[in-house]
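The block underneath contains the structure these notes are about, expressed in structure tokens.
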Amino acid sequence: MTTHFLEDIFRQPNELGRTIDFLREEGRRGLNEAAATIRRSRYVYLTGIGSSWHAALSAEPLFALGGHPVYLRDAAELLQVATIPRDAVLITISRSGQSVEIVNLLVKARESGATVIGVTNVEDGTLAREAQIPLVIPTKLDHGISVNTYTTLAAGTGALAAAVSGSFNDDLSQSLLQTLVETERAMAGWQQQIKDTEWLVPNGIYYFLARGPGLGSCNEARLMWEEGVKSPATAMGTGSFRHGPQEMVARGMRFCLWIDGQHMREADLAVARDLRRLGASVMLVGQQLPESAADLVFQLPTVLSDWQFLIEVIPAQLAAESLSRLSGVDCDSFKLCPYIVKDDFGLLTGLKPQ
């Protein structure tokens, strides 16, 4: 049986390729305007909610590595517990541009005298209409779980970070496009690995660990487990995991680690090795990994280390879709959460306090 979730996953390399082409061609003027605005500002915030927040987590390190650090705040927190300085810039990421926190944040930004750069997929959404600088990434919306919208928004915000530092050029674009060609070729093999693995078990305990741009991928994987598999999971930084959480490791637990191409590679492979010694089952995602390093190893095609986030979430997407079917749940529908959250009250759609 083919799910809409799986169909959305497999069209991802094409959608990402279209995004790169858009950003270096017809979208380049808006990208350059946004980059220039960021370079002029003393206070720059990067924000989103849900999967768009995870896109922010992936892109934020590119701003920092390029020498232009930003304030990273979840949109709900930025809305409620922050004073936005006048003349600040808000890089606001939202698939639809219509979530309640985003709409209310636009009001707060306007009242504060801030400039909003809106990175979104919907040209008639509130964010695209009200942002002073809209970057509308033309992507076919996903059926339910954010797949293409997540990765294209992460790509768009990453391109913005690169444009700020002057590194978004033809060489980078061509490198990423080649990576996407190789990714499309690899996906059938990844799917076969998932069919053959014993790492996926219904009702298991799952932890997702990563560093740097990979923090977006591990948090997005956790969200896919919650939305698609209807099962709890945990995501955190690999470094933070070593400061106490390892006390609960037990035989049979499932861990997925994203191995960065440059940073802390050997240290994180050592974490994977020790988890297996403690009886856990480990999945690894990265480039040129030893096949014996884990119970399930996904080899990524060659990709620039700081841009690995563009494709590294795909094996986890495939795994979540497969586990949903193994668990007998419908990954294509939401039981409680609306496609767009438009109010602040409760969890049950249409119900508000008396």
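Between H143 and H4, the ring-plane angle classifies as parallel under the 30° and 60° cut-offs.
One finds a salt bridge joining E321 and R325 here, because a Lys/Arg side-chain nitrogen approaches an Asp/Glu carboxylate oxygen to under 4.0 Å. One finds no salt bridge joining D21 and R18 here, because no Lys/Arg side-chain nitrogen approaches an Asp/Glu carboxylate oxygen to under 4.0 Å. Ion pairing between a basic and an acidic side chain is recognised when a charged N comes within 4.0 Å of a carboxylate O; D8 and R11 show such pairing.
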Inset, instruction - Could you give me the CA-CA distance, side-chain angles and deciding distance for R39 and V164, then say whether side chain to side chain contact (heavy atoms under 4.5 Å, CB included) is met? - result: CA-CA 7 Å; R39 284 193 293 266; V164 171; 3.8 Å; yes
Inset, instruction - Go through W258 and L300 one step at a time and tell me if the side chain to side chain contact (heavy atoms under 4.5 Å, CB included) criterion holds. - result: CA-CA 11 Å; W258 281 265; L300 298 176; 5.9 Å; no
Legend entry - From CA spacing to verdict: side chain to side chain contact (heavy atoms under 4.5 Å, CB included), V136, F22: CA-CA 10 Å; V136 182; F22 168 77; 5.8 Å; no
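Put simply, the side chain of Q193 gets close to the backbone of V297: a donor and an acceptor are under 3.5 Å apart. Of the possible polar contacts, none joining the E33 side chain to the L31 backbone as a donor-acceptor pair under 3.5 Å is found. Formation of a donor-acceptor pair under 3.5 Å by the D142 side chain with backbone atoms of T149 is found in this model.
Residues Y206 and W199 bring their aromatic ring centres within 6.0 Å.
Legend: salt bridge (charged side-chain N to carboxylate O under 4.0 Å, His left out) pairs involving residues 76-105, not counting sequence neighbours: none detected.
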